[in-house]
Amino acid sequence: MFHTICKWNVGHYGRRGFQSTRICRPAGSAIVQGCYIHQQHPSRGTQESSNHKSSNINPYLVKKSYEQDEQHKQRQRFTHSNQAGMLFGIVGTAAALGMGSALCKSQGEDIIDKDLPPNSPKASTKTSVSVEELLDSQEIHSVGRDVAGTEKYDPRTQESSEEDTANVQNSPKAFSTAAIIGSVQKEKLSDLQKTVRKSRQLLKRVMEEAGAPGLVISVSVDGKTVWADGFGFADLENHVRCSPDTVMRIASISKPLTMTAVAKLWEAGKLDLDAPIQKYIPSFPVKTYNGEEVTITTRQLISHQSGIRHYKLKDPNKKEKEEQNKNKENVNKVSKKAIEEKDETNEKIQDEKAVAISAEEVKSEKEFSDNKQNGDEKSGNCISVTDRKRMELYKIIRAKANKRRKMIEKAEEENEFNMEEYYIKEEFDTIQEALELFQNDELFFKPGSGYHYTTHGWTVVSGVVEAASGKPFTEVITGLFYVLGMDNTYLDKNNPIIYNRSRNYVRDVHGKLMNAAYIDNSYKWAGGGFLSTVHDLSKFGNIMLYASQHNSDDGTQSVPGILKVSTMRDLWTPVKGTGPLGSGYGMGWGAAEDKYLCGFCRSSRRHASHSGGAVGASSCLLVLPKQDYSSKEHGTPPKGVVVAIITNMQGVRLKNEALQIAKLFENIQ
């Protein structure tokens with residue numbers, strides 16, 4: 001009976017009533033789809049639907065008889081208006097929904113319970129499920145089902161676009177919900193919702209461009225987290241979704257954390273940034289550059305001005321420097337007259353070659369033509385002008401191919417992820433063992449005279465911290481994690497069980513996704529050996545932001561920052577020689593200052609950041625302080641935006657996207 005009612009009865013309360021009840025019919029369809037009998041035998045008749053038994057009743061005869069009766073009743077009883085048709089349509093649909101729930105519950109109970117999400121009301125405790133309960137359960141079930149990094153669909157708060165609606169309608173469990181929500185007027189999106197949508201679209205493009213399996217983000221404004229999200233998968237093989245609690249490698253964001261420990265020792269007077277590092281690490285050899293003995297200080301190390309190499313054994317710019325110097329010497333030796341004579345000679349040679357080639361082409365063409373006319377069988381041995389040009393073209397293509405191959409080989413050599421030291425599998429028990437990897441290698445430049453980003457330099461910094469504190473570096477840094485309240489930040493060790501830890505991924509030369517190789521990061525704890533979550537990184541950014549803004553006339557604070565304001569100013573001020581004017585590297589942080597070259601042209605906002613790249617992971621932490629803000633009130637929240645992004649794919653650049661997102665959220669009122 002229910003099958004006949006739900007399929008035919010609603011439409012016969014009036015043609016206009018039928019038009020008005022289309023809004024409610026999808027909800028009835030959802031109940032019908034949940035019925036066990038209708039799922040197994042959707043074309044059976046009325047008696048089978050009501051009794052759940054086999055029957056030979058012809059559904060068509062039942063339908064025809066019922067239609068005739070209803071049409072006769074309709075002509076006699078219902079001469080209603082459009083509003084009356086709508087009312088009766090809704091009443092009829094509601095009756096069909098209630099009847100369908102009661103009839104189908106008896107044997108389809110277990111199946112419905114399985115389909116409902118954990119937060120929905122259990123069908124086993126009621127004899128029927130109301131429309132509101134079913135829609136709410138399906139709505140909750142669909143919210144957060146972010147398929148491979150696509151935009152989440154939340155019908156309560158978001159205005160779905162055509163693409164969103166199509167994605168939702170492809171899911172059978174969300175079909176009826178999407179149909180009903182699509183017919184209801186949406187609320188106007190708030191500024192926060194619009195900003196979140198733009199940010200999601202931006203991150204989705206980043207993931208598609210890089211082919212990243214998963215990505216997590218956290219954004220806080222004025223010390224409060226306003227958006228935290230996960231896209232894609234933390235573990236593809238086990239189908240584990242990313243969430244803001246996913247633990248990933250943060251790579252070089254480990255440097256700002258280590259810098260905090262260095263700054264605490266500096267403020268306490270236990271560490272002299274300008275003293276030679278041999279004061280703290282006597283075993284470190286005294287270095288020379290061009291035969292001159294030089295001094296390396298901790299201040300130079302934390303600003304990448306020490307000259308210590310990164311993962312490359314030799315200076316990558318050494319060959320270019322030698323060629324440039326050689327060319328300059330040659331130019332000085334050769335006079336201007338000699339150069340002009342050489343150019344004239346070259347021009348003559350080129351002209352002579354061109355004339356010879358033209359004569360040869362004419363001769364070859366004439367011979368080929370004569371041989372062809374005379375029917376000479378040896379004409380095949382004659383090279384035509386077309387064949388000659390084809391051979392020359394082939395030589396040019398081959399030369400370009402060889403040049404491209406050499407460029408690719410050079411690029412592969414320069415790719416730091418191809419360096420062997422990235423893939424060390426042995427565990428280092430002490431800092432001294434790690435120092436032996438590079439401490440005897442030559443410097444790339446005189447300390448303090450240049451800039452070369454180096455993670456090995458921060459291994460030296462960890463040795464300085466260890467000596468200045470009198471404790472192993474691992475104890476110092478884990479103690480700092482505790483003080484900062486970063487409960488989900490760890491040393492990147494393979495043996496411990498770390499909940500929510502993500503897998504790491506790379507792509508091979510053919511672009512195929514693969515698990516990243518096993519590595520041990522104990523040789524570079526300070527420069528790139530930590531794990532964390534975006535929540536913890538966002539908290540750390542706000543701690544630094546708070547410390548940079550809270551000041552008082554007498555220098556006392558009831559709720560002090562982790563570091564002094566003067567210290568934070570040094571950390572976030574670009575060091576001369578580390579980058580273009582107004583930007584560069586400070587002390588453990590990338591730093592940029594307010595810079596306006598001219599009106600309405602490219603400008604720079606003051607901010608601090610650090611990106612990271614590790615085997616199977618990329619990251620970025622960016623702090624955008626509020627302009628011209630300094631608080632003297634005790635304990636007031638920091639003013640500014642903090643963005644933390646981590647992905648489980650190496651080689652993904654996130655700095656520009658993090659800055660764009662920070663500026664978007666900065667304008668939210």
Side-chain angles (χ1 to χ4, degrees), residues 252 254-315 421 424 426-480 491 520-530 567 570-571 575 578 585 587-588:
S252 291
S254 305
K255 293 179 178 69
L257 285 165
T258 302
M259 185 62 225
T260 306
V262 173
K264 292 292 290 181
L265 293 171
W266 179 34
E267 289 182 349
K270 297 181 179 180
L271 195 158
D272 184 359
L273 295 181
D274 298 311
I277 57 176
Q278 285 77 12
K279 176 181 177 180
Y280 304 100
I281 312 176
S283 61
F284 195 88
V286 177
K287 309 299 292 183
T288 59
Y289 184 76
N290 290 338
E292 177 186 358
E293 186 175 304
V294 294
T295 300
I296 299 176
T297 66
T298 306
R299 187 184 296 275
Q300 293 167 347
L301 288 169
I302 58 181
S303 298
H304 300 286
Q305 291 188 310
S306 64
I308 293 176
R309 71 175 178 87
H310 192 35
Y311 294 108
K312 292 180 182 288
L313 296 175
K314 297 181 179 180
D315 186 355
E421 288 180 350
I424 294 177
E426 293 75 24
E427 183 178 359
F428 289 74
D429 296 327
T430 63
I431 299 296
Q432 184 58 44
E433 291 181 6
L435 293 175
E436 292 175 1
L437 283 172
F438 58 89
Q439 65 180 5
N440 295 320
D441 297 334
E442 63 179 7
L443 299 178
F444 286 178
F445 52 82
K446 183 178 180 180
S449 64
Y451 173 80
H452 180 71
Y453 186 89
T454 168
T455 294
H456 285 328
W458 280 83
T459 303
V460 183
V461 173
S462 64
V464 172
V465 171
E466 195 170 79
S469 63
K471 300 178 182 179
F473 175 77
T474 53
E475 292 186 12
V476 174
I477 201 66
T478 52
L480 178 66
L491 297 173
D520 191 294
N521 285 323
S522 57
Y523 72 100
K524 57 174 183 179
W525 290 132
F530 304 153
T567 302
D570 292 336
L571 266 57
V575 176
T578 60
Y585 202 89
M587 297 167 63

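Keep in mind the model is a prediction, meaning the values are calculated, not measured.
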Between [X] and [Y], how do the two ring planes meet: parallel, tilted or perpendicular, split at 30° and 60°?
| X | Y | answer |
| --- | --- | --- |
| His310 | Tyr453 | perpendicular |
| His452 | Phe445 | perpendicular |
| Tyr585 | Tyr451 | tilted |

Using side chain to side chain contact (heavy atoms under 4.5 Å, CB included), reason through Val286 and Glu293 one step at a time and then give a plain yes or no.
CA-CA 7 Å; Val286 177; Glu293 186 175 304; 3.5 Å; yes
Go through the side-chain N and O atoms of Gln305 and Thr578 and say whether any donor and acceptor fall under 3.5 Å apart.
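Thr578 and Gln305 do not have a side-chain donor-acceptor pair below 3.5 Å.
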Which heavy-atom pair separates [X] from [Y] by the least distance, and what is that distance?
| X | Y | value |
| --- | --- | --- |
| Leu437 | Arg309 | O-NH2, 3.2 Å |
| Pro285 | Gln439 | CG-O, 3.3 Å |
| Ser303 | Met587 | OG-CG, 4.0 Å |
| Ser306 | Leu443 | O-CD2, 4.1 Å |
| Trp266 | Asp570 | CH2-OD2, 3.6 Å |
| Val476 | Ser469 | CG2-OG, 3.3 Å |

Is a side-chain N or O of [X] found less than 3.5 angstrom from the main chain of [Y], in a donor-acceptor match?
| X | Y | value |
| --- | --- | --- |
| Thr454 | Gly457 | yes |
| Thr258 | Ala526 | yes |
| Ser449 | Lys446 | yes |
| Lys255 | Gly527 | yes |
| Gln300 | Thr297 | yes |
| Lys270 | Gly470 | no |
| Glu433 | Asp429 | yes |
| Asn290 | Glu292 | no |

Does this structure show an ion pair linking Lys312 with Glu421, if we count only N-O contacts that are shorter than 4.0 Å?
no
Going by an N to O cut-off under 4.0 Å, is there a salt bridge joining Lys287 and Glu442?
no
Kindly indicate whether the side chain of [X], heavy atoms from C-beta on, has any atom under 4.5 Å from the side chain of [Y].
| X | Y | result |
| --- | --- | --- |
| Asp520 | Glu426 | no |
| Ile308 | Phe444 | no |
| Thr478 | Leu491 | yes |
| Tyr523 | Glu436 | no |

What's the verdict on side-chain hydrogen bond (donor to acceptor under 3.5 Å, both in side chains) for Gln432 and Ser283, showing C-alpha distance, side-chain angles and the deciding distance?
CA-CA 8 Å; Gln432 184 58 44; Ser283 61; 2.8 Å; yes
Quick one: pull up [atom1] in [X] and [atom2] in [Y] and give me the separation to the nearest 0.5 Å.
| X | Y | atom1 | atom2 | result |
| --- | --- | --- | --- | --- |
| Phe530 | Asn521 | CZ | CG | 10.5 Å |
| Thr455 | Tyr311 | OG1 | OH | 4.0 Å |
| Asp274 | Thr295 | CG | OG1 | 11.5 Å |
| Leu571 | Met259 | CG | CE | 4.5 Å |
| Ile281 | Ile431 | CD1 | CD1 | 8.5 Å |
| Arg299 | Ile277 | CZ | CD1 | 15.0 Å |

If you apply the rule side chain to side chain contact (heavy atoms under 4.5 Å, CB included), what do you find for Ile477 with Trp525, and how did you get there?
CA-CA 9 Å; Ile477 201 66; Trp525 290 132; over 6 Å; no
Evaluate Val461 against Tyr280 for side chain to side chain contact (heavy atoms under 4.5 Å, CB included), listing each step before the verdict.
CA-CA 10 Å; Val461 173; Tyr280 304 100; over 6 Å; no
For Trp458 and Ile302, run side chain to side chain contact (heavy atoms under 4.5 Å, CB included): C-alpha distance rounded to whole Å, both residues' side-chain angles, the deciding distance at 0.1 Å, then the answer.
CA-CA 7 Å; Trp458 280 83; Ile302 58 181; 3.8 Å; yes
